[in-house]
Amino acid sequence: MDAKAFGRLKRGKLVPEARIDLHGLTLDAAHSALIQFVLSAQSRGLRLVLVITGKGNREDPFDPVPQRRGALKRQAPLWLQQMPLAGAVLQVSEAHVRHGGSGAYYVYLRKRR
């Protein structure tokens, strides 16, 4: 991704061509939905898609054992780096506040061959 396009992306000026909301899905369902979405978006020739994961549950301040937040938020970037999506994804970055902030990711896809 070139510097000019990346700057526009980080400022929220580029509009995603498609989006998927994984918020509320189980890990297994979200993983299969993400694979299908990204591969179909690339086959349609799309370049910028938005993956909404949600931020996760808020931590309970009275819980004696701290828990990590947002399983989907942690897993989605890992899934996008693994096969079969690694060949389709060029770059993953956190979305602008306008498009979901820390609960969403911009996924920039490679051109179709």
Side-chain angles (χ1 to χ4, degrees):
M1 180 173 219
D2 62 1
K4 184 177 180 181
F6 183 70
R8 293 185 67 217
L9 174 76
K10 290 306 284 181
R11 289 192 312 271
K13 299 296 181 185
L14 287 179
V15 178
E17 297 167 316
R19 59 181 256 171
I20 184 170
D21 191 353
L22 303 176
H23 189 184
L25 297 178
T26 63
L27 287 175
D28 291 334
H31 190 210
S32 61
L34 182 64
I35 290 172
Q36 182 181 2
F37 172 74
V38 170
L39 293 179
S40 69
Q42 186 190 29
S43 68
R44 291 185 304 187
L46 303 180
R47 294 298 304 274
L48 179 65
V49 295
L50 182 67
V51 176
I52 301 169
T53 61
K55 295 180 184 178
N57 292 333
R58 297 198 187 277
E59 292 183 25
D60 184 10
F62 302 109
D63 191 7
V65 179
Q67 298 176 357
R68 296 178 70 182
R69 293 178 51 182
L72 281 176
K73 181 175 169 35
R74 288 192 319 271
Q75 288 292 90
L78 299 175
W79 291 335
L80 291 166
Q81 294 172 358
Q82 295 173 350
M83 291 305 288
L85 299 179
V89 174
L90 183 64
Q91 182 175 348
V92 178
S93 60
E94 192 172 290
H96 188 269
V97 174
R98 179 177 304 158
H99 295 126
S102 64
Y105 293 102
Y106 292 127
V107 179
Y108 201 72
L109 303 175
R110 295 184 192 276
K111 286 185 180 178
R112 204 172 34 162
R113 293 181 190 177

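Predicted model only: the values in this text are computed from it and were never measured.
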Does a sphere of radius 6.0 Å around NE2 in H23 hold more than 12 heavy atoms from other residues, nucleotides or ligands, not counting ones at 6.0 Å or beyond? no
Test item: K73 side-chain N/O and I52 main-chain N/O as donor-acceptor pair under 3.5 Å: no
Nearest 0.5 Å, please: how far is CG in L22 from CG in L34? 5.5 Å
Report yes if some heavy atom in the side chain of L27 is under 4.5 Å from a heavy atom in the side chain of W79; otherwise report no. yes
Let me see the working for L39 and L85 under side chain to side chain contact (heavy atoms under 4.5 Å, CB included), right down to the final yes or no. CA-CA 7 Å; L39 293 179; L85 299 179; 3.9 Å; yes
Are side-chain heavy atoms of L80 and V107 found at a separation under 4.5 Å? yes
CZ (R98) and NZ (K13) are apart, to the nearest 0.5 Å, by 5.0 Å
For S43, the side-chain contact (heavy atoms from CB on, under 4.5 Å) test, sequence neighbours excluded, returns S40
State, to 0.1 Å, how close A18 and R44 come at their nearest heavy-atom pair, and which atoms those are. CB-NH2, 4.1 Å
hydrophobic_cluster_shared for F6 and Y108, side chain cutoff 4.5 Å: yes
Does L14 belong to the same Ile/Leu/Val/Met/Phe/Trp/Tyr cluster as V51, with side-chain heavy atoms less than 4.5 Å apart forming each link? no
If Ile, Leu, Val, Met, Phe, Trp and Tyr residues are connected whenever their side-chain heavy atoms lie under 4.5 Å apart, and connections chain through other members, are F37 and Y105 in the same group? yes
R19 side chain to L50 backbone, donor-acceptor under 3.5 Å: no
Is there a donor-acceptor pair under 3.5 Å between the side chain of T53 and the backbone N or O of L72? no
Joint hydrophobic cluster, L46 plus L48, side-chain heavy atoms closer than 4.5 Å: no
Is there a donor-acceptor contact under 3.5 Å from the side chain of Y106 to the main chain of H99? no
Minimum heavy-atom separation for A29 and S32, please, with both atom names. O-OG, 3.1 Å
Note: P16 and V49 closest approach over all heavy atoms is CB-C, 4.3 Å
When you measure from the side chain of E17 to the backbone N and O of R47, does any donor-acceptor pair fall under 3.5 Å? yes
On a heavy-atom basis, the closest approach of A86 and Q81 is CB-O, 3.3 Å
